[in-house]
Amino acid sequence: MIEIMSPEGPSAMTGNSIGSSCDNATCVDFVGVFCKMKQNAAFFKQNIVFPGVKYVKNGEVTVTKMTDSHQNRIKPDRIKHCPNVVLEVVLSPMSTPNPGFEGVALHQLGGIQESVKQVSKGVQDANDRLILIQSKTEAILTQNYELLEYTIPRLFIVLPEKSTSWDPKTMLRTKFRLHFICECGEHTKASGSNIPHHLHLANHEGYVVNKPTEFFKKYGPFLTLMLEMIKVGTSIAGHVVPALASLKVVDILDSAQSTVDSVTSKVIEGVDYSLKYLEESRTLIQKPDGVGVDGDLRMSQQYLATYFAGVEGLEGVDLRQLGSYLSTNSSDTLLGNLYRMTTKDGYIKWVCRHHYRASYQEALTQKLCDVVKLAGGVFDEQLGSIKVTLKSSFAAAEFNEALSKAKAGVYDLDITFDWDCSRTDLEAFEKALKMSSVSILRLGLEQFQASIISELFSTSARYEILVRIMEHPNMKMIHIVLSKDFMKLPRLQPKRSSHLHKLSIEMTPRRIGASDFRELVKSLKTNNPLTTLNLQHNSIGNEGALALSEALKTNITLITLNLWRNSIEKEGALALSEALKTNTTLTTLNLWSNSIKKEGALALSEALKTNTTLTTLDLQYNSIGKEGALALSEALKTNTTLTTLYLGSNWIVKEGALALSEALKTNTILTILDLGNNSIENEGALALSEALKTNTTLITLNLLGSSIGKEGALALSGALKTNTTLTTLILRNNSIGNEGALELSEALKTNTTLTALNLYNNSIGKEGALALSEALKTNTTLTILDLEGNSIGKEGALALSEVLKTNTTLTSLDLQKNSTGKEGALALINVSKARDVRW
């Protein structure tokens, strides 16, 4: 006998009784018949079938088996459903429990138990996933940054530009915008503040993501964590993130509730869409064996742990690279209407204007802003940076007082003293610095006159004030620019400097005499703290270059040496080359506009084969010729550090370009190459184009005034269709004409990396402008286009203005000297809002 309990109460199985229960979300299957609860009443979709049943009793009453309309018993036997009762079922003696009712019922119960196990496992997996996300999110929110590492906001999410339903087939066509998050919390709370202090989206339209596939590949794990964080909410280390339904833009908190609800709804939909996009994108990740990641693996705890393994916040380099994926105006900084502030512990946070104002006294900040503006300086309140030149003791006194009272809010100070200041002036400035929050300081003292210094300062006092500034514990980065009158630099060594991340001292002597030059060279040999030496326009000649070279052989502090226009010839270049073979600190050498010629270039090329520190070499206007270019090309095949090479105006001609092109096919270090004004012609451009098809590191190529013509433009266009690294191409003054512009336009329709194209003075005319306009309808990466001096006329201006109505990535367009006329100018005015458009 088997008792069948009504589908209510706890599941049970005792003796010959089989119990089952189901709620609003559960269906139980007895011999193919479903039962479920609905409005507290159990029912079956069809009548119950009992194979091998002798009779069924409801208490003392036998339940009648069902008959049809002609009173014939329905086969197999069945009864009507009796809700909320226990039925007694007696099986026939000859019937077997399996695969009869009891066997099937037992089998179905086993299935239910397995389903319960699966549900339980799913819940456990979800909990484990949540714990993993929570721990990684905590690592991000508790990560502390100092000013020099933290140039833009670090918390952000991406949302689709327009509300759209999820469709995997169209996901790759979705346009996204990046939105920064205000990092408010305990550190922004102030007495009397009546606004919420929880993390929220910045009040900004967001930045268009130019290359979403690459962007999500690089920042995908971080974005997933941020999106999950604001979806489910959290409270970590003084930061409160409400659940997504409560996430609102602070600036509209006082608006109509319908508006708030609308914004919240869009954010909810956008977050869900972005999470689905990221989840689907992970299928594109390739396992080591080349097989795509399947759904089960994507969701596994082990996979997610690996996926999030390296995510504990973004490093400084990741933040700096963020801008390369986004569309911004040329004058727009990547801040998203957020302001930089410091916590009591000295760490940087980016907050919205509401929370920024809640932390500081607005009147005092405004007073400082007024003082800076009166002095002709700039106070960027968002960045907390000031750049100002003070020209009198009175102006300095006003500035010092305002800086002291404002205290917080200024972190980066670039200040120049451009008058005959006294020791009292410097001491007052030192005192103001100690009361401020400045941690990055650039102090310009290059205008000091020797006579004034000697009168006002004793030998020791000349340096002690600067040393005290260096030793202030708030200081993280200091750059001081001195005149030649601060020659005894060893005295500028601070005793306490562990707090400093970087200390650099620059000297810019003008018209330096022989005795001062000897003193300078002597100090370089003693490894004073001088890091940048700017000797431009001093005519030190070969003799001076020889003396500097001897000092460089032992010096271990100098990083940048500028010898621009110093009448250095091949003998001087030879001496400097010998020094480069042993020097291990110099990274930048500027020999612009000397006369080293091919012999000097050959000597420097030999040094580059062994030197492992130099990253930038400027040899413009040195008449090195094609032979010099050939020598440098050989060096580039083995050098592993040089990233920037300026060879403009050197008559390297097409033969030099061919040699450099061969080097680019194997070189994997060089990122910037300037070959402007070298008459490489179309043959040189063709050779460089072939190199660009395989080179994967060059990001900037300058071919200004190189006589490449339309044929050269055609060759470069072909390279742009496959090259995936070049971001800036300068083709000014090359006579590419309409044909060249047409070819470049075709390349822009498929190229996904070029962000800046300079076609200044190329006679492209209205036809070229029309072709470029067509390309801009589909191109989503170009942000800067220079078409100055091309006679595009009214028609060209109208075509470009029309495309700007839909193109969202081009932020800078130069159409000066193009005879656009009144109609063209009016059309450009209408589309120039939030863009840098000149005509």
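The model shown is predicted, which means the values in this text are computed figures rather than measured ones.
A heavy-atom distance below 4.5 Å is found between the side chains of Ser706 and Asn734. Considering only heavy atoms from C-beta on, Lys570 stays 4.5 Å or farther from Lys597 through its side chain. Within the 4.5 Å cutoff, side-chain heavy atoms of Leu636 are placed close to those of Leu645. At least one side-chain heavy atom of Leu159 sits under 4.5 Å from a side-chain heavy atom of His179. Residues Val208 and Lys175 fail the side-chain proximity criterion, which asks for heavy atoms closer than 4.5 Å. For the pair Thr641 and Thr613, the minimum side-chain heavy-atom distance is 4.5 Å or more. In this structure the side chain of Thr781 never reaches within 4.5 angstrom of the side chain of Thr753, judged on heavy atoms.
Counting only distance, with no hydrogens or angles, the side chain of Thr615 and the backbone of Leu642 share no donor-acceptor pair below 3.5 Å. Checking side-chain atoms of Asn682 against main-chain N and O of Ile708 turns up no donor-acceptor pair under 3.5 Å. Side-chain N or O atoms of Ser689 include none that pairs as donor or acceptor with a backbone N or O of Ala719 at under 3.5 Å. Between the side chain of Asn761 and the backbone N or O of Asn733 there is no donor-acceptor pair closer than 3.5 Å. A distance-only check finds a donor-acceptor pair linking the side chain of Ser274 to the backbone of Val158 [under 3.5 Å]. Side chain of Asn790 to main chain of Ser763: a donor-acceptor pair is present (N/O by atom type, distance under 3.5 Å, no hydrogens or angles). Within the 3.5 Å criterion, the main-chain N or O of Thr560 finds no donor-acceptor partner in the side chain of Thr532. With hydrogens and angles ignored, the 3.5 Å screen pairs no side-chain donor or acceptor of Asn702 with any backbone N or O of Gly676. No donor-acceptor pair under 3.5 Å is formed between the side chain of Asn594 and the backbone N or O of Glu569. Between the side chain of Thr557 and the backbone N or O of Leu530 there is at least one donor-acceptor pair closer than 3.5 Å.
Of all heavy-atom pairs between Asp674 and Gln620, the closest is OD2-OE1, 3.7 Å. Residues Ala685 and Leu716 share a closest heavy-atom pair of O-CD2, 4.3 Å. Ala629 and Leu660 get closest at one heavy-atom pair: O-CD2, 4.1 Å. When all heavy atoms of Pro153 and Trp350 are compared, the closest pair comes out as CA-CD1, 3.6 Å. Residues Ala771 and Ser745 approach most closely at C-OG, 3.2 Å, considering heavy atoms. Taking every heavy atom of both residues into account, Met226 and Leu155 meet most closely at SD-CD2, 3.9 Å.
Every residue two or more places apart in sequence or in another chain was checked for a ring-ring contact (aromatic ring centres under 6.0 Å, His included) with Tyr760, and none qualifies.
The aromatic rings of Phe222 and Phe156 sit tilted relative to each other, their planes meeting at an angle between 30° and 60°.
Distance check: Leu731 CG to Asn758 CG gives 7.5 Å after rounding to the nearest 0.5 Å. The distance from the CG atom of Leu785 to the OG1 atom of Thr755 is 11.5 Å, given to the nearest 0.5 Å. Rounded to the nearest 0.5 angstrom, Asn677 CG and Leu647 CG are separated by 12.5 Å. Annotation: the span from Leu720 atom CG to Lys693 atom NZ amounts to 10.5 Å, rounded to 0.5 Å. Atom CD1 of Ile624 sits about 11.0 Å away from atom OG of Ser649, to the nearest 0.5 Å. To the nearest 0.5 angstrom, Leu574 atom CG is 11.0 Å from Ile596 atom CD1.
With respect to Asp412, the side chain to side chain contact (heavy atoms under 4.5 Å, CB included) criterion is satisfied by exactly one of Leu383, Asp380, Ile440: Ile440. Across Glu506, Arg442, Lys502, a single residue satisfies side chain to side chain donor-acceptor pair (under 3.5 Å) together with His479, and that is Glu506.
Aromatic ring centres of Phe176 and Phe215: separated by at least 6.0 Å.
If you check the side chains of Asn807 and Thr809, you find a donor sitting under 3.5 Å from an acceptor.
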Exercise. Tell me, with the steps shown, if Ile669 and Thr697 meet side-chain contact (heavy atoms from CB on, under 4.5 Å).
Key: CA-CA 6 Å; Ile669 304 297; Thr697 53; over 6 Å; no
